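Have a look at the structure below before the remarks.
All values below come from the heavy atoms of this structure, side chains included, with hydrogens, waters and symmetry mates left out. In what follows, every chain begins at residue 1, and chains take the letters A, B, ... in the order their sequences are listed. Just so it is clear, the model here is predicted, and its values are computed rather than measured.
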2 protein chains.
Amino acid sequence: MVQKGYGATSISDIAQAVGMTKAGLYHHITGKQDLLFQILIHAMDGVERDVIERVKQIEDPEKRLREIIRLHLRRLFENGLEFALLFPERRHLEPAQQDAVVQRGKNYLGLICVALSELADQGKLRDLDINIAAVHILQIITGVARWCMQDTGISEDHLVEQAINFGLSAVLER
Amino acid sequence: MVQKGYGATSISDIAQAVGMTKAGLYHHITGKQDLLFQILIHAMDGVERDVIERVKQIEDPEKRLREIIRLHLRRLFENGLEFALLFPERRHLEPAQQDAVVQRGKNYLGLICVALSELADQGKLRDLDINIAAVHILQIITGVARWCMQDTGISEDHLVEQAINFGLSAVLER
DNA sequence: AAAAACCTACCGATCGTTCGGAAATCTTGC
DNA sequence: GCAAGATTTCCGAACGATCGGTAGGTTTTT
């Protein structure tokens, strides 16, 4: 589903990928839509556990922002890129499920906004719109995953380092 | 197709949207795949005309980069966001068509790379990987469109200004 | 023997696409 | 100026394929 997209991935495809038939798979899921929903929830739980929970305790907002980018990218590389690539597929869900997904996405965005606000309080931030800057940073994170999944050569460490550098340079004064 | 995605948009949907029947529409197109291809080609022609051709003659690389971001975002707002939102749908094309689309995308990326290189020659660039930075800038442009198509309130001028500021701050020395 | 996991076979619906012909439009000869 | 033919545009109806999903039975595990 990550490779072909929600619409182009049939239940048969998924069943075959896990070594089952359609009907066998349906014993474990309640429907295609709900499967996508569960995947998104699962992916966001992972982000919450591996990123949000770990950076909470970092006092310095600059270090925290660096860690947000680093941990999120590491997660994307190690796990299946689900969050970055499947997030736009939320349009195939029921409105209520869409809201649930969007809500959690906005919570995550809020985490970045808080870090930027604290940087602003310390006078370390450029003159910029914090909400928009937060979107840009999140866009960089997911963009790297989107672009570099077929890309060759470039090492993950280098990508992470460059992304952090780029994002921080964009927002920090001086 | 921009709203629902390639897979979730049927030929009937498109025919109805233009006030025709399926069979009537098929007199003008050769197939669904080819329709997507034509849309992508058309969108990229527009970018080439409205962005690439206009910034060619700007000598100063910093001004040129600013204009690339500004003109591209303006185009996305005025036209239908096709390029930003339909570009990932290229996976539904034949390999040969995919290559054609990707090739033109890379050309565009090259335009940004050249601007960054010239900035580096002038000593105005931070210590960063030019190729990755170019991807980040392009990601910011398309990301703004992706995020803000449902967003309320924020004015287009403000979005453009903030995107330019963010991108330039990220790459410029000092 | 009870329960969970899984399969074969099938359902109705919808998909992209095609075909033969009907309107509508344009071109041409007189 | 206009009828007649040629061409373009569009539609109704249907095609085979595939889709998501289900019913009922069989195998495997507990």
Side-chain angles (χ1 to χ4, degrees), chain A residues 1-46 79-102, chain B residues 1-46 80-102 104:
Chain A
M1 212 181 263
V2 169
Q3 289 164 1
K4 306 203 300 179
Y6 176 81
T9 305
S10 72
I11 294 288
S12 302
D13 291 337
I14 299 172
Q16 193 175 349
V18 296
M20 270 198 274
T21 59
K22 255 194 318 180
L25 178 61
Y26 259 92
H27 187 260
H28 301 276
I29 67 177
T30 68
K32 194 183 174 187
Q33 247 187 27
D34 189 66
L35 175 61
L36 173 60
F37 184 58
Q38 299 299 335
I39 292 174
L40 284 171
I41 291 291
H42 181 261
M44 294 172 104
D45 283 344
N79 296 66
L81 304 176
E82 318 114 6
F83 182 64
L85 297 175
L86 249 34
F87 193 66
E89 305 273 20
R90 68 184 182 279
R91 58 183 161 198
H92 300 287
L93 299 176
E94 302 294 327
Q97 293 175 324
Q98 282 190 38
D99 290 347
V101 172
V102 169
Chain B
M1 213 182 263
V2 169
Q3 290 164 2
K4 305 203 299 178
Y6 176 83
T9 305
S10 72
I11 294 289
S12 302
D13 292 336
I14 300 171
Q16 193 175 350
V18 296
M20 271 198 274
T21 58
K22 265 195 306 184
L25 177 61
Y26 256 90
H27 186 260
H28 301 276
I29 68 178
T30 69
K32 195 184 175 187
Q33 247 188 26
D34 189 66
L35 176 60
L36 174 60
F37 184 58
Q38 299 299 334
I39 292 173
L40 285 172
I41 291 291
H42 181 261
M44 293 174 105
D45 283 344
L81 304 177
E82 318 112 8
F83 181 63
L85 297 176
L86 249 34
F87 193 66
E89 306 272 19
R90 68 184 183 278
R91 58 182 162 197
H92 300 287
L93 300 176
E94 303 293 328
Q97 293 175 325
Q98 281 191 38
D99 289 347
V101 172
V102 168
R104 294 192 59 172

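Side-chain contact between A:Ile29 and A:Ile11: present, with at least one pair of heavy atoms (C-beta onward) separated by less than 4.5 Å. Taking the side chain as every heavy atom from C-beta outward, A:Tyr6 and A:Leu86 never approach each other to under 4.5 Å. Side-chain contact between B:Leu40 and B:Arg104: absent, with no pair of heavy atoms (C-beta onward) separated by less than 4.5 Å.
Within the structure, the salt bridge (Lys or Arg N to Asp or Glu O under 4.0 Å) test picks out no pair touching residues 23-36 of chain B (sequence neighbours left out). Within the structure, every pair that satisfies the side-chain hydrogen bond (donor to acceptor under 3.5 Å, both in side chains) test and touches residues 83-93 of chain A, not counting sequence neighbours, is listed here: A:Glu89-A:His92.
Chain B approaches DNA chain D within less than 4.0 angstrom (heavy atoms of the protein), and the contacting nucleotides run 5' to 3' from D:dT9 to D:dA14.
Considering only residues two or more places apart in sequence or on other chains, A:Gln98 meets the side chain to side chain donor-acceptor pair (under 3.5 Å) condition with none of them. Residues passing the side-chain contact (heavy atoms from CB on, under 4.5 Å) test with B:Ala84 are B:Leu76, B:Thr142, B:Ala145, sequence neighbours excluded. Residues satisfying the side chain to side chain donor-acceptor pair (under 3.5 Å) test with B:Gln97, not counting sequence neighbours, are none. Among residues two or more places apart in sequence or in another chain, the salt bridge (charged side-chain N to carboxylate O under 4.0 Å, His left out) test is passed with B:Asp13 by B:Lys4. Listed by chain and number, the residues in a salt bridge (charged side-chain N to carboxylate O under 4.0 Å, His left out) with A:Asp99 amount to none (sequence neighbours excluded).
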Between protein and nucleotides 1-3 of chain C, what N or O pairs are separated by less than 3.5 Å?
none

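Relative to the axis of its first five pairs, the axis of the last five pairs of the helix from C:dA1-D:dT30 to C:dC30-D:dG1 sits at 20°, rounded to 10 degrees.
Atom CD of A:Gln38 has more than 12 neighbouring heavy atoms from other residues, nucleotides or ligands inside a 6.0 Å radius.
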Expected string for nucleotides 13-24 of chain C under the B/S/- scheme (protein heavy atoms, under 4.0 Å, primed atoms plus P, OP1, OP2 as sugar-phosphate) is --SBBBB-----
Cut-off 3.5 Å, no hydrogens considered: what does the side-chain donor-acceptor table look like for residues 17-28 of chain A, sequence neighbours left out?
| residue | atom | partner | partner atom | Å |
| --- | --- | --- | --- | --- |
| A:Thr21 | OG1 | A:Gly24 | N | 3.4 |

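Distances shorter than 4.0 Å separate some side-chain N or O of A:His28 from OP1 or OP2 on C:dC6.
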